[in-house]
Amino acid sequence: MEFGLSEDQRLIEQSLRGHLADAVDLDLIRRLAADKGGFDADLWAGLCELGLPGLLVAEAHGGTGLGMLEAAVAAEALGYSAAPTPFVGACVMAPLAVSLAGGEEQRRHWLPAIAAGEVRLAVGAGALAGATGTAELSLSGAHLSGRLTGLLDGGGASHALVYLADGRAAIVALDADGVALSARPSLDRTRPLADLDLDDAEAVLLDGADDAPAVARRVLDAGRLMLAADTLGAGQCMIDQAVDYAGQRVQFERVIASYQAVKHMCAEMVANLEPCRSLVWYAAHVQDLDDEAERRVLACLAKAHLAEVGREVARTATEVHGGMGFTDLMGLHFWFKRISYDRQVLGGPERCRQDAARAQGWLAA
Amino acid sequence: MEFGLSEDQRLIEQSLRGHLADAVDLDLIRRLAADKGGFDADLWAGLCELGLPGLLVAEAHGGTGLGMLEAAVAAEALGYSAAPTPFVGACVMAPLAVSLAGGEEQRRHWLPAIAAGEVRLAVGAGALAGATGTAELSLSGAHLSGRLTGLLDGGGASHALVYLADGRAAIVALDADGVALSARPSLDRTRPLADLDLDDAEAVLLDGADDAPAVARRVLDAGRLMLAADTLGAGQCMIDQAVDYAGQRVQFERVIASYQAVKHMCAEMVANLEPCRSLVWYAAHVQDLDDEAERRVLACLAKAHLAEVGREVARTATEVHGGMGFTDLMGLHFWFKRISYDRQVLGGPERCRQDAARAQGWLAA
Amino acid sequence: MDLTYSTKHQELQAEIRAFIEAEGHRSPKFGGGRNRPDQQALDWQGLLLERGYFARTVPTEYGGHGAEPDVLETAIIADEFSRAGISPGLLDVGNLIVVPSLLDLGSEAQCARWVRPTLTGETIWCIGNSEPGSGSDMANAQTKAVAVGDDFVINGQKIWTSGAHYADMMFLLCRTEAEAPKHKGLSYLLVPMDTDGIEVRPLVTMTERPEFNETFLTDVRVPMDQIVMGRGDGWKVAIASLKHERVMLGDPNKQLQRLHGIREMMRETVIDGVAVMDLPEYRDRLLRLQAEVLAAKFHNMRLLTLHDRGEEPGIPGLIQKLYGTTLNHKLSALAIDVLGEAGLPYEPHEFGENDPATAWQIDYMYDIGLIIGGGTSQIQKNIISERGLGMPREPKAVVPPARS
Amino acid sequence: MDLTYSTKHQELQAEIRAFIEAEGHRSPKFGGGRNRPDQQALDWQGLLLERGYFARTVPTEYGGHGAEPDVLETAIIADEFSRAGISPGLLDVGNLIVVPSLLDLGSEAQCARWVRPTLTGETIWCIGNSEPGSGSDMANAQTKAVAVGDDFVINGQKIWTSGAHYADMMFLLCRTEAEAPKHKGLSYLLVPMDTDGIEVRPLVTMTERPEFNETFLTDVRVPMDQIVMGRGDGWKVAIASLKHERVMLGDPNKQLQRLHGIREMMRETVIDGVAVMDLPEYRDRLLRLQAEVLAAKFHNMRLLTLHDRGEEPGIPGLIQKLYGTTLNHKLSALAIDVLGEAGLPYEPHEFGENDPATAWQIDYMYDIGLIIGGGTSQIQKNIISERGLGMPREPKAVVPPARS
């Protein structure tokens, strides 16, 4: 009986963090940022070896069948190292969508390929998340037409999973006729957002869900929670860098870490971020339980809260670095932009809080 | 052409501040706080000699015919010394209401008595200000019945000016039949809030306004602005006290004013409060102009903004004082509570901002 | 992370629910005044101890239930009592600070003598840490205890001794080693309040409620064995007791209750015909605070787990007071804004359940007191940055003179 | 307070409106990139100078309009241009920092030589204050200028020299008196950028835009009369120029424009069928910021009045940079939240009017740069508390060693 990571979860965390510490350095981040594509085959291969894309896929379908807490631990680790790789969409939302909304045959078809890292799905949920972009898809038979902006994990994707406004999900192959995915460089150079144009494109409608909207919300919740965990990791890394830099930078004949103002900036960052870890853990824990309202409330509150705390941490850590934080020299801004990205996709904090209010019956009908 | 107080306005400010410095000390505040009545005849007499109740009354009616900027300067001075005296209702809202909404005869009857300080009006505008209290008055002929809570300046009042929900104003004598005013001790012991119960009470309806609701809003704006100015003065005094205390209090073998954390707390208070002075001045300036929307926007924004800055200043200045700020020993809490009172009466900041949005056409119809 | 209820936990939950159903009516009002517990409160406390819902992990020989630490059990008990609006027992400084400090560092004799009557509410404690000249700088305590024969003779003045006017015992920090350096000369003594030479004077605060005191000690004699640990070990005891104080001040259950209270108030309070809950500018603030409160709740469960595992909590432990007291204040600030004008009438001496205005205004001010007390936020940030993050201590400085 | 428009002001307002009506189409896009002004911008600047809408109070012998200071005139000009979305002229560091510094402290010959071409845009300046080792600690500048014959020979490195890649002149802080104490050894020199030995390298920042540089000076020779004031007077010049920089960084007109931009965006941006302006949780934030922006605007008018009256601004002057840069950042933060997901696509090199996402993201990051640059917020708070409130300076401390 305990609140915290189990031994197994710690091992997963350690092995992933160890791998990322070796595999991702500032040079790689810079290279992929310059490329703006958001995908590196070697990094992806390494993460596949660790089983990342199959984390949530049942063992029967070739995955490891782990839960959302393990996924959150992974997201935090990826955020900590600002790893430029598909994850939230391709390794969490997509396998979850197929597992929960796919028919048996569909699951057997897609999940092993996802778990193996061979099929990589971009994910577009703008129609559900209160996004400010475009989400105009229409279905005719098994063919989709229209435009959807802001897809996650477009970089290196082979397919796209898209949500219709009614909560149904469909998969299209990016190399099929009438399908055009164009990556748009985003503020976070390591994670582009893609726009998808469909012109009578052949689509596979996931057909196994009794209640498609409920599953769609669950997938959206999972995505939001992963973004919260990502911000947690990125924020922690920014704090660590700030404390480290403050211990070296000398101004007025003293290391700036000895100034009370700088110390207190660091203390405030830590005091605000540290409890977020427990919030993310618990929110992840309940995602695997049956209580829909609880899942939604926790995922939305975690997303919104990490967005607010993350923003403060990103700004304060940059300020602690002084001019050096504003330059490109130390690369601190990659984490800064990662936190901005996490805040802005899949619904901003106000929208997430509204969803949490609705799920608790706090909204007038 | 200048943005700032004129020589005359500075003289008014100096003479009032000089008088208050002599007339109001912590002993007086304590005595009146213990009494909870909110009125001291000697203090009132002194302020009458300075012409405070006639400040806004035309010279033809025995006042000095000054404007809202002079009134704001006075409110700031009263806030600075936490003066326990009627002002916002009795010396600003009431004379303004009679001047703008009274018929000629009514003006001739009431204004000289108000200017002389002989008639002192409590003011109840809850029906207009989005107050959370009770505002249930009904008019039958020239008689009023019902209940109104949260009247300002009930202490020592001879009459009450009350607003009906439709914007009409009426005056009742507190010694008349069917009139019962009961002072409720408020958080700010020096300024009670009164509840008024009327049972078929004889009332004088102000009958000179072409557009009673517009005048009512103007009177409300004036009251809100005075509360903003009061907070400005009270906040400034708390900062001054905090800086002074920090220069004397020794912890860890140093005066606490030498700690960067304490210095920065003081710097933040000043940086946030100082621009408020110009906002209050300008907001006061436009109250005497013809542009209704501008009057409303500035008064409401000033009230809301001073409420937010005032709250931060009140808390921070108390924190700088450490335990001493939490005790009664230095009386700092009188200013703290004054700022809370200013925030909570005549509409909280959210409500004031909404009014400002509406006046600018920023609200959906 | 293992929060699934085992059979044991399901049984505990069912047991407590049945208990509350059967006995809940005997509970004193929760969140009542800070006075000496009355007979109803003592009876209730006895019942809770008997059932093991209080002092659950305190050894049985000292009057506790002797259970193994279990964070889920702790959470279940707190949740069920909180949900039902039932008193969870005497959460006074004796139980929250003195008992855990004695169990950590006191002698067996001291534990045997003091833990049980503190649990039952028979013995009420006050804490003698702060002095007028040493608020944040606790190690600067000047109250002196001089060894005379088998006694210490104590002289000095304490401040912020909450409850001193009805307490039986004081947990007193004083200077026993006049010649030792600042941090090495301190000791903690257990002092009966009815000893000759102790005078308690009420200290009026901004809330106007009579909760705090100044306590003057003049030639107060206590036997030398009333010392906790050894002579000069006082700073170690202080560190331990401050840790317990931080936990007490950061208690998330209080925040959860406040959140629920505000939610209800927002449903009931109407501005211009609209419930405040339906005004998004307020509702959004409530949701923000809900996230912070939940973070505090789970953070606390994490700390309990770390404690149970015997791991040092490190940074997570250091931040609790700063986070909790700041959050408390944000909650009461929202409550006051919801109440608006109707939140101003203030009757701190005789307020009751139907007077949320006074209750929230008291909280709003008292919360500032808690931000200041037990180490101001500035001290907390020093501690977090120095002990938690390894940043340099405040450098020794040339002393600027106090202004006259 | 006298803000009523006299006939003179009414005439000025009418005149400017007519001017904008007639000539406004010739204005360059306002708020365009930070590049060397193109011919259109230079022509426009010439027109503004001719009409006296720029450099209105600069003496005519130096190319200005020679008008008496008048805060209302200043406000009318700024308001009318801002309302019409028309460029108010070249608000570069030359005009905002160098010109007022030279008018305050430069020699007549220096004013005669440099003010006019700076006003016209013929001469573009960059500022050489910061060095890699002295960001906040500007007085620690290590760039050396040694007197050799009639010249100074300069060696060192500057950072944050925005515009150095297209500037004609540098306003350079350097150490001329090697033996003097830290603050007494500094001087300002006026250095042509085409002098041999100056190398400018772009400094990439988080925005990715090429705005800043590092500038390396190797045996750069300038005549000794290119010094502002006397040798060792550099710190006085620095204080004066930093004051002008604070004013520039706190400019409220920029904030007003931003506020209007956000307001429009909130009307146009729709989430789930509702305009963001109709979502109170956003609208309330806009109103909060409107109050802060208006406070900044009027505060600035107050400062202009104090300046015109010849009164020392004191605290009101010291807070401007801290307040303004903090507020800028709050504004861009709201803008980004309004844009949401649609605010993420980022094209900093070729963004145009129809790309608010990139424009606001740049602002959001650049604003942090401004909070840091020109004295971080921490330095600003030191200044406010020490110079403004008379609190003690940071005590001299034993130096903690840098960690390896």
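We use all heavy atoms of the structure for the numbers below, so side chains are in, but hydrogens, waters and symmetry mates are not. Each chain gets a letter, A, B and so on, in the order its sequence line appears, and its residues count up from 1.
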Polar side-chain atom of D/Glu341 near backbone of A/Gln344 as donor-acceptor pair, under 3.5 Å: no
Non-hydrogen atoms of chain A under 4.5 Å away: do they reach the side chain of D/Leu370, the backbone, both or neither? neither
Which residues in residues 262-269 of chain D have any heavy atom lying under 4.5 Å from a heavy atom of chain A? D/Thr269
So CG of A/Asp328 and CD of D/Glu208: to nearest 0.5 Å the spacing works out to 8.0 Å
Here the gap from A/Ile256 atom CD1 to D/Thr376 atom OG1, rounded to the nearest 0.5 Å, amounts to 9.0 Å
If you apply the rule salt bridge (Lys or Arg N to Asp or Glu O under 4.0 Å), what do you find for D/Arg285 with A/Glu350, and how did you get there? CA-CA 12 Å; D/Arg285 272 175 76 185; A/Glu350 286 81 6; 3.0 Å; yes
Side chain / backbone / both / neither for D/Leu344 at chain A, heavy atoms under 4.5 Å: both
For D/Val276, which atoms come within 4.5 Å of any heavy atom of chain A: side chain, backbone, both, or neither? neither
Taking only residues two or more places apart in sequence or in another chain, which ones pass salt bridge (Lys or Arg N to Asp or Glu O under 4.0 Å) with D/Asp278? none
Pair D/Lys182 + A/Glu253: basic N to acidic O under 4.0 Å: yes
At a heavy-atom separation under 4.5 Å, does A/Arg184 approach chain D through its side chain, its backbone, both, or neither? side chain
Report which part of D/Ala333 has an atom under 4.5 Å of a heavy atom belonging to chain A: side chain, backbone, both, or neither. both
Does some side-chain heavy atom of A/Phe326 sit less than 4.5 Å from a side-chain heavy atom of D/Leu203? no
What I want to check is whether the side chains of A/Gln251 and D/Gln378 have a donor and an acceptor closer together than 3.5 Å. no
Checked D/Met365, D/Glu281, D/Glu347 vs chain A; the most non-hydrogen pairs under 4.5 Å come from D/Met365
Against chain A, label D/Ile336 side chain, backbone, both or neither, depending on which of its atoms sit under 4.5 Å from a heavy atom there. both
Non-neighbouring partners of A/Arg168 that pass salt bridge (Lys or Arg N to Asp or Glu O under 4.0 Å), sequence neighbours left out: A/Asp166
What's the spacing between A/Thr327 OG1 and D/Trp160 CH2 if we round to 0.5 Å? 5.5 Å
Identify which part of A/Gln260 has an atom lying under 4.5 Å from any heavy atom of chain D, answering side chain, backbone, both or neither. neither
Does any backbone or side-chain atom of D/Lys381 lie under 4.5 Å from a heavy atom of chain A? Answer side chain, backbone, both or neither. neither
Is chain D contacted by the side chain of A/Thr318, its backbone, both, or neither, given a heavy-atom distance below 4.5 Å? both
A/Tyr259 versus chain D, the contacting section by heavy-atom distance below 4.5 Å: side chain
D/Ile368 and A/Arg315, any side-chain heavy atoms less than 4.5 Å apart: yes
Name all pairs fulfilling the side-chain hydrogen bond (donor to acceptor under 3.5 Å, both in side chains) condition that reach into residues 300-310 of chain A, sequence neighbours left out, sorted by first residue then second. A/Glu308-A/Arg343, A/Glu308-A/Arg353, A/Glu308-C/Arg288
Take D/Tyr346 and A/Tyr341 through the side-chain contact (heavy atoms from CB on, under 4.5 Å) test and state the conclusion after the steps. CA-CA 11 Å; D/Tyr346 188 66; A/Tyr341 175 101; over 6 Å; no
Point-to-point distance, once rounded to the nearest 0.5 Å, from NZ of A/Lys337 to OH of D/Tyr364: 12.5 Å
